[in-house]
Number of protein chains: 2
Amino acid sequence: MPPVAPTLKDVALMAGVSEITVSRVVRNKGPISSDTRLRVTAAIDALGYVPNRAAGSLASAGAPLIGVLLPSLSNIVFPEVLRGIQAALASTNYQSLVGVTEYDPVVEQHIVSSLLAWKPAALIMTGFDHTDATRMMLAKHDVRVAELMDIDAEPIDIAVGLSHRRAGYDSGRHLIQRGYRRFGYVGHDWDADRRARRRYNGLCAALAEAGLSLTAESRSPHASSTRAGKETLKALLLDAPKLDVVVFSNDDMAIGGFFHCLEAGISVKEELALFGFNGLAIGQDLPKPLSTVRSNRFLIGKTAVERLLGAAETSDHRRVIDTGYEIVEGATA
Amino acid sequence: MPPVAPTLKDVALMAGVSEITVSRVVRNKGPISSDTRLRVTAAIDALGYVPNRAAGSLASAGAPLIGVLLPSLSNIVFPEVLRGIQAALASTNYQSLVGVTEYDPVVEQHIVSSLLAWKPAALIMTGFDHTDATRMMLAKHDVRVAELMDIDAEPIDIAVGLSHRRAGYDSGRHLIQRGYRRFGYVGHDWDADRRARRRYNGLCAALAEAGLSLTAESRSPHASSTRAGKETLKALLLDAPKLDVVVFSNDDMAIGGFFHCLEAGISVKEELALFGFNGLAIGQDLPKPLSTVRSNRFLIGKTAVERLLGAAETSDHRRVIDTGYEIVEGATA
DNA sequence: CTGTTAGCGCGTTCAT
DNA sequence: ATGAACGCGCTAACAG
C-alpha cells in the first residue's frame, strides 16, 4: 500500500514519452499516434493512475464541478430535483458539490462563497431570494447560474421551473369549473417557502375573478408535513365546518388532510374535496388518488444541468425555461 | 464585473505584507500581530478575496472534501442520511461531493475513482458491497472510509449503522411475544437492497426459534414503494388468506399495505396486523400509527462525519459504530 | 512575528 | 505527432 499516488510523470516515464503526451491521451485532446496511445494507456492501467483534479483545475482555471444549493433535504421535492441533477451529470465528467441552506439567504451566501472557491463551472440555486452580497459574488466570478423551481421573477442567468402563480390560478379555475364554491385553504410556513405563497395568490386571483373568495383558511407555522396538514385541517374544520373543498399548500399537507378525513369519518370528495400540489407518488397510491398539480421536479434538475453545460451546443438561448405542470384529476376533487 | 478574481498576491500588495502572511491570516494559522491581521482582513474585504481551494489542495496535498456515495435518492432513507451528513459538515469547512451509484458496484467504482481525483479527506459509502478494484483504490489512496447503514460485516475502515439481522430478529421476537403466529412477508427487490434480505433472515431465525415459519411470502421484483407494497400484499392475500400479521421489508411497502387494507375493507390489526421498518414520519401519521422499527438515518450520517473528521480528538477508536434501532409500538401490530 | 524559497501536478503556449 | 518551458495560486519548510 504505497500511499503515494502516481502522477503524470510516473506514467510518462513508464511509457517512455513526455508528460504532455500522457496528458493529451488522458484528455483525449490533440493528435496522438495510436501506437503511443496504446503504450500510455497501458502504463496508466499498470500504475493505477488517477489524474489530480486539483492540479488540473489550477492549471486550466476552472473545475469540472457544479455547485448545488438546496434549501432543504427534508422536503422530498429537493431530493427529487437533486436526482434529476445527478442523472444529467452522470453522462458528463462534472461532479456535484452539494450544500444545504435551510432556507436562509445568509447561509446560502456562505455556501456560495465556499463553492466559488473551487471555481465551478456553474451554480444551481433555488428561488430568487439571495442577499446582495451573494449577487455581487456571482457577478464577479464568471459562473453560470441556474435558479430553480420558479420562473416568476427575473433570473440572474437562467431560471428553470414553473410559474407557481399560474399553477395556483389554474388550480382555482379547475376547481371552480368542477362546481366547487366554498373554498378552504390549508398552508404551511410561507416565510421559508415563497412559492407556496405565490400559488396561494394565484388561487385567490382565480376565486376573485369568479366573484368568490376563501371561506376559511389556516396556516401552520411549521414546515410542510403530513402531520401539519392533518392538524391544520382539523383546526380549520372546527371553525368553518361548511366547506366544499380544501386546497392545500402541497401534497404532504394534503395527504395529512386525507388522513384526518379518514380518522374523522369524513367522506373525501363527497363531503369534502381535497386538492394538493406536486403530484408525489405516494399521493397517487392513497385509497383515493389525490387530485393535485404535477410539478416536474426531476425534469427541473435535469434540464438545469443540460442548459448549463450544453449552452453552446443548442441554439436555444432562452433565459427562462418553463418545465410546466399538469393538473392531476385524481379522485379527491 | 472584472472576471479576474483577486489572489493572495493582490491582497498582500494591498496590505503591504507578504503572501504567506495573508495565507496565515486566512487560515488562522501561526502567530499574527493583531495589527497586520487587521490590515490584511481589511484588504481581503476590500478586494472580495476568495481563496482558491484547488491551489490550496495542490499545495497541501488533500482537499477539505468528503466524497459521498449514495445508492439512490429515490428512497427517502438516503436523503435523510445525507441530511445528517450535511448537518455535521455545516460546522466544519469541509464540503461534500455527492454521487449516486444506483446500487451498482461498477458505477460505484467509477465514482470512487473520480472522487479520489480530488484527494478528499474521506469517503462515505453505503454497505459493504464493492468491487475488488474499488477496494484496491481505497487501499492505495489513503482516505478515511465509512461504510454506512449496516454493521453486519467487516468494514474497510469504519462502519456506522445497525445490525439488520438483529433488527429483523427482534421484530420477529416482538411479534411472537404479542401473540402472532401466522406470519406473512412482503418484500421488494433483494438484489439491490441487501439489508432487507438480512432483516428477512433475522425474522426467519426468530420464527424458527419459536418453532414457527412464514406462512406465506411474496416479493416484488421492483424497488420498494408504496405502490409495490400495496400490490404485493394484495397478491399475497389472494393465495394465503389466513394470516395474523404481515411483516414488510420497509415502511414504504407497509404503508402501501395499509392502503390496500383500507381499500379492501380489512381492519388493520384486528383482522391483519402490519409491521414495517424504518420509522418514517409519514407512517406515524397514518390513521393508525405504523408499528415498525426506527432506524436512525440522520444519526448515521451525522455520526459518520463526526467519526471521520474527529478521529484524533476522541479516544474512541471503535471501527464499528452501532447507532441502534428501536421498536415503535404503533397501532398496526 | 514575518519573510524567502521551492514546488505541489497539471495544462497552455510555442516550438520542433 | 511530440516536447520544453512556464506558471496557475497556494502552502511547507525553513530562516530570521
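At a cut-off of 3.5 Å, with distance as the only test, no side-chain donor of A:Glu147 or A:Thr126 sits close to an acceptor on the other residue. A side-chain N or O of A:His130 and one of A:Glu108 form a donor-acceptor pair less than 3.5 Å apart. Using modelled atom types and a 3.5 Å distance limit, the side chains of A:Ser33 and A:Arg37 yield no donor-acceptor pair. Side-chain polar atoms of A:Ser23 and A:Arg27 form a donor-acceptor pair below 3.5 angstrom.
When each of B:Ala55 and B:Val17 is assigned the nucleotide of DNA chain C bearing its nearest heavy atom, the one mapping closer to the 5' terminus is B:Val17. Along DNA chain C, the nucleotide nearest to B:Ala59 and the one nearest to B:Thr21 differ in position, and the one closer to the 5' end is contacted by B:Thr21.
Atom NZ in A:Lys9 sits about 14 Å away from atom C1' in D:dA4, given to the nearest Å. B:Leu47 places its CG atom 14 Å from the P atom of D:dG9, with the value rounded to the nearest Å. One interatomic measurement links the two molecules: CG of A:Asn52 to C1' of C:dG9, which rounds to 6 Å at whole-angstrom precision. Spacing between atom CG of A:Leu8 and atom P of D:dC8 amounts to 19 Å, rounded to whole angstrom units. Counting to the nearest Å, the P atom of D:dA12 and the CZ atom of B:Arg24 are 10 Å from each other. Per the geometry, CD1 belonging to A:Ile32 stands 8 Å off C1' belonging to D:dT2, to the nearest Å. Spacing between atom CD of B:Glu19 and atom P of C:dA6 amounts to 15 Å, rounded to whole angstrom units. Put simply, CH2 on A:Trp118 is 15 Å from C1' on D:dC8, counting in whole angstrom units.
Contacts of A:Ser57 with the nucleic acid, taken as non-hydrogen atoms under 4.0 Å apart, are absent.
Under 4.0 angstrom from either OP1 or OP2 of D:dT2 there lies at least one side-chain N or O belonging to A:Ser33. Residue A:Thr36 has a polar side-chain atom (N or O) positioned under 4.0 Å from OP1 or OP2 of D:dT2. OP1 or OP2 of C:dG3 has at least one side-chain nitrogen or oxygen of B:Ser18 nearer than 4.0 Å.
Among the nucleotides D:dT2, D:dC10, D:dA13, the one closest to the side chain of B:Ile20 is D:dA13. Set against C:dT12, C:dT2, C:dC8, the side chain of A:Arg27 has C:dT12 as its closest nucleotide. Residue A:Pro51 has its side chain nearest to C:dC10 when only C:dC1, C:dG3, C:dC10 are considered. Here D:dC10 is the nucleotide among C:dT13, C:dT2, D:dC10 with the atom lying nearest to any side-chain atom of B:Thr7.
Counting only residues at least two apart or on different chains, the ring pair (Phe, Tyr, Trp, His ring centres under 6.0 Å) pairs with a member in residues 73-120 of chain B are A:Trp118-B:Trp118.
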